[in-house]
Amino acid sequence: MFMYKLNDGQQIPDFGFGTYKLNGRKGVQSIVSAINNGYTMIDTAYNYENEGTVGRAIAESGVDRDKLTVTSKLPGRYYAYDDAITALQESLYRAHLDYFDLYLLHWPNPKRGMYVEAWQALIAAQKFGLVKSIGVCNFLPEHLNKLQKETGILPAINQIELHPYFNQADMRQFDNEKGIVTMDWSPLGRASSVLKNPILIDLAKKYNKSVGQIILRWEHQLKTIPIPKSSSPIRQRENMNIFDFEISPEDMKKIDSLTKADGRNKDQDPAIYEEF
Ligand SMILES: NC(=O)c1ccc[n+]([C@@H]2O[C@H](COP(=O)([O-])OP(=O)(O)OC[C@H]3O[C@@H](n4cnc5c(N)ncnc54)[C@H](OP(=O)(O)O)[C@@H]3O)[C@@H](O)[C@H]2O)c1
């Protein structure tokens, strides 16, 4: 597995595992299976209410903590500085971990106007050793520019909605120019109609792969980090099995052309949409 070097000197894997909706005992079983299938990066969030599930799965997997990259996220309701530090400590407590490898602001919530204060808390948390790297999710160029202007420190990662119907070409270019690595949420479009797209079905036949594998490989070749979620051990293995083929430049363009201006799954435009 390839490791991306981040702008703070840390390294993270080029592929990860999403855990939204994996909760409780069944969630533990799915995440243990993912780790035993070879996933080394696990994505959770305070708001998924499963940091305990993730922590338990890590303990039960038998894999050393320091061989895994664990990400969590701060919810918008805790963006005041002291609240942010307390929430992060609570997340670590729930997960039975001493540190997160990566900790992200979950949404910019621009109308609330508190993401710079929350970012200052993350900068401090990194200095305290509570987290190795810090980043954001769903940040637009104006939000990233504001962080840079007011704190001088840019996120290592921007985790954004990215799949063939919303390929984020401009945002990826912006992240690139700023030295920020793009990570893809809902990389399979949350198993929506994109999996039935005829062009992707044709490409799947051509490369002798599944539609999911074509999509995840396309995201890998875009130099982004997909973090697909699956509760099924079979689909977990299928999703990881994308490192033995290469999509041609012409076919990459075909997939790029599927993007739509309104292609977001749930119309969650971070300029307007807020989540706490
Ligand atoms: N930062 C943010 O704001 C944000 C927002 C959303 C998500 N995320 C993170 O990103 C992760 C991934 O996104 P997501 O969970 O929204 O969606 P996703 O990974 O695109 O899709 C997950 C769905 O696809 C199904 N699936 C998985 N592999 C498949 C395959 N090979 N073929 C067909 N169906 C397949 C899963 O069902 P089964 O489980 O039954 O396999 C599940 O219903 C999340 O779990 C979460 O960690 C972050």
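Sequence positions, counted from 1, serve as the residue numbers for this chain. For ligands, and for the atoms within them, numbers begin at 1 and follow the listed sequence.
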Worksheet item: With distance as the sole criterion, is a donor-acceptor pair present between the side chains of Gln148 and Lys178 under 3.5 Å?
Response: yes

Fill in: Gly18 near ligand 1 by a heavy-atom separation under 4.0 Å
yes

Worksheet item: Among the heavy atoms of Gly189, does any lie under 4.0 Å from an atom of ligand 1?
Response: yes

Distance from [atom] to nearest protein heavy atom, with residue and atom:
atom	value
atom 46 (C) of ligand 1	Tyr48 OH, 3.3 Å
atom 33 (C) of ligand 1	Leu195 CD1, 3.6 Å
atom 19 (O) of ligand 1	Lys229 N, 2.9 Å
atom 13 (O) of ligand 1	Ser186 N, 3.0 Å

Worksheet item: So does Lys206 pair up with Asp251, basic N to acidic O under 4.0 Å?
Response: yes

Worksheet item: Hey, is ligand 1 close enough to Lys73 that some N/O pair sits below 3.5 Å?
Response: no

Fill in: Proximity to ligand 1 by part of Asn138, non-hydrogen separation under 4.0 Å
side chain

Worksheet item: Is ligand 1 under 4.0 Å from a heavy atom in the side chain of Asn239, in the backbone, in both, or in neither?
Response: side chain

Worksheet entry | Rounded distance [0.5 Å steps], CG in Leu147 versus CD1 in Ile153 | 10.0 Å

Worksheet entry | Nearest option to atom 4 (C) of ligand 1, as decided by whichever heavy atom of Tyr20, Phe17, Trp185 sits closest | Trp185

